[in-house]
Amino acid sequence: MKWWGWGVDGVGFHHEDKPGFAPFVKFAVGLDLLTAERAGEPAFDKLKVGKSNATAALLKTLTGIVGADNVSTDDMLRVIHTYGKSLRDLVRIRGNMIERVPDIVVYPADEAETQKIVDAAVAANAVIIPFGGGSNIGGSLEPAPEEKRTIISLDLGRLREVLDIDAESGLARIQAGAQGPDLEKQLNDRGWTIGHFPDSFTHSTVGGWVATRSSGMQSDKYGDIADIARGMRVVRPGGTLVLRPLPSTSSGPSVREMILGSEGRLGVITEVTVQVHRIPEKRDVYAYFFPNWEAGIKTMQQISESDAAPSITRISDARETAFTLATSKDRKGLDKFMAGKVLPWIMGRKWGKDKLDQICISFIAYEGSPEHAKRQRKLVEKMIRANGGLTIIGTGPGILYDQKKFDTPYLRDFLLDMGAAGDVSETAAPWSKLNQVHDAVYAAAQKAYDQVGVQGWIMSHMSHSYHSGACLYFTFAFVFDKDPIAEYNIVKNAIQQSFVDNDATISHHHGVGTEHSAWLEEDISAEGVKIMTGLFDANDAAHNFNPGKILPSAKKATPARKSPATKAPAAKSATAKAPAAKASTAKKAPAKAAKK
Ligand code: FAD
């Protein structure tokens, strides 16, 4: 990936073909994309990169294990291996605010080499940070600034094979460094799919998914990675932890669960055996509209309690619906007429013209045999209609959603180029608390924007349903004023705090890292932190494995949660109603909403 942003060189977000986007951004955060100046690509040679402190002896040992081509102290490689892709990471890297970078990057070819590297590193009391795709947004990779020991970034990128498939059990042994598209292609070629598709799929690895307890958009059918990953091999000093793939087991507290979400603190995952599925004959993503958020959430809960088993259940709130429509490409001819005139007319008749700013778009996917998919859809649509939803839209927007889902991450870089923050915070809560969490987060974000003195935006969707609750995913944005990191801290911290204050978790699928560790105790209680501290201390007494992650470290947590002095109140409310959501006429919407 680019050292300063998401994805590969030459690919980026463009708004010129999306006529509703610029007016929407102006409405949401007050940024005029048509006149604002776009920052150019940062220059690597301007970056201040600390010198590698690798000793000749350790380099010689590592070179002896993997060969000279697979050990590097190159500055660019070390910088790429320093951070993940959180907003904080990108702001720091673009702003030349890099602290400690790894001293050595090493690429083992297999598990045997990984074992030798780990043993040599521990013998030399070096720090080992396993590296998958570098896509995390939890601060899970960055070395502690004060770390004096040699830091080795152990990149699993050469371990990328699907080794074996047990077709009778639907279990595939996959090397930990395999990235999403690569492993999915290897599986697809043999008629299988993993069913795990996080938005970061294109640049994240199976080892990283396990180490961060990731969740993909089709988790309603396939489960989170915690369900999908059945067996593992984890290299630890002096030996390899082997967890056979079992459908279930009662052998005490689950060691498998201890590795899930361990963020490199308990060893290096070299192999994961995952549950795979035959590629479904049919897969359709349908779009629906609801008159408002409450009706949508109620329907999602009813679906989760029913016999219906869709693979995606997702609903955007009114503000995210407006955003979704604003990022649509310009339509032509009949399509434009239907989306721009006919659909709003139907919705206006059904729910009232003055209520169009409350409508919420939902995407629901059905997979399996054609008969199964059809039956699921019938069951779901009955519930949607019973709650006042509209079921006439079909698969058109769903196809677009499917196509765009891996492109959206590029938008954040574009906003940063324009001087604006765009970031996410996600959580999970019981059904009984979801609306409370939603409203509390909005209020907290607005208060934070007022404190910073900026016009901010926040929007949300619900996805990943469970029997007892679901994930709420918030996206927030504002134009930086003077101090991007301090301003970002105020907003991000307010949102995280409102999660725990309202009985929601600190993260549903982004892990803890350093970004969320300050709230760990509020999430799992002081006794929970004690148990986790014991786990890491007992298994890694010298803290050689990715130290400083997950557990609250006073150094990191306290300053991050402090608020700088307040400034003048913001001009516009982050909880202002979304512009009326007219498919493909979103161009006009901001003007209408701005008058309110
Ligand atoms: P890295 O970022 O390389 O590492 C993450 C952590 O895992 C580090 O602590 C690292 O040391 C450890 N680690 C990595 N590999 C190993 C290994 N082999 N052994 C031991 N430890 C290891 N996450 C989701 O779950 N769902 C999403 O939909 C999603 N969307 C995202 C969208 C964007 C735009 C971005 C930037 C991120 C998104 N993420 C999402 C977060 C991120 O992609 C996940 O956390 C992912 O699981 C990280 O995998 P990775 O291979 O990139 O790991």
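Fair warning: this is a prediction, and the values are worked out from it, not measured in the lab. Atoms within each ligand, like the ligands themselves, are counted from 1 in listed order.
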When distances are taken from atom 28 (O) of ligand 1, the protein heavy atom at minimum range is Asp199 N, 2.8 Å

Candidates Ser215, Ser214, Ser140, Gly134; heavy atom nearest atom 26 (N) of ligand 1 found on Ser215

Taking only non-hydrogen atoms of Pro409 and a 4.0 Å limit, the atoms of ligand 1 in range are 34 (C)

Contact region, Ile225 to ligand 1, non-hydrogen atoms below 4.0 Å, reads neither

Between Asp119 and Arg236, is a salt bridge (Lys or Arg N to Asp or Glu O under 4.0 Å) present by the stated rule, with each step listed?
CA-CA 8 Å; Asp119 290 344; Arg236 297 184 25 78; over 6 Å; no

Could you walk me through whether His464 and Ser215 pass the side-chain hydrogen bond (donor to acceptor under 3.5 Å, both in side chains) check?
-> CA-CA 8 Å; His464 311 282; Ser215 186; 3.1 Å; yes

So is His510 touching ligand 1 or not, going by heavy atoms under 4.0 Å? yes

A student checking ligand 1 against Gly264 at a 4.0 Å heavy-atom cut-off should list atoms 20 (C), 21 (N)

Would you say ligand 1 has an N or O under 3.5 Å from any N or O of Asn546?
yes

If we number the atoms of ligand 1 from 1 as shown, the ones under 4.0 Å from a heavy atom of Pro198 are 24 (C), 26 (N), 27 (C), 28 (O), 29 (C)

Among Thr212, Val235, Val268, the residue with a heavy atom nearest to atom 6 (C) of ligand 1 is Thr212

In Tyr473, Phe499, Tyr466, the residue satisfying ring pair (Phe, Tyr, Trp, His ring centres under 6.0 Å) with His508 is Tyr466

Q | Pi-cation contact, Trp457 with Arg319 (under 6.0 Å, within 45°) | A | yes

Heavy-atom proximity to atom 22 (C) of ligand 1 ranks first, among Gly511, Gly132, Gly7, Ala211, for Ala211

Atoms of ligand 1 under 4.0 Å from any heavy atom of Trp6, numbered from 1 in the order shown, are 36 (C)

Note: ligand 1 atoms sitting under 4.0 Å from heavy atoms of Gly267 are 20 (C)

Within a radius of less than 6.0 Å around NZ of Lys116, do more than 12 heavy atoms belonging to other residues, nucleotides or ligands occur?
no

Begin with the C-alpha distance, continue with both residues' side-chain angles, and end with the deciding distance and a verdict on side-chain hydrogen bond (donor to acceptor under 3.5 Å, both in side chains) for Gln179 and Thr202. CA-CA 7 Å; Gln179 298 208 345; Thr202 45; over 6 Å; no

Whether Arg314 engages the ring of Phe363 as a cation-pi pair (distance to the six-membered ring centre under 6.0 angstrom, angle to the ring normal within 45°) should be assessed.
no

Q.
Quick check: Phe131 and ligand 1, any N/O pair under 3.5 Å apart?
A. no

Worksheet entry | Backbone N/O of Glu41 and side chain of Arg94: donor-acceptor pair under 3.5 Å | no

Quick look: Val234 vs ligand 1, heavy-atom contacts under 4.0 Å, and the answer is neither

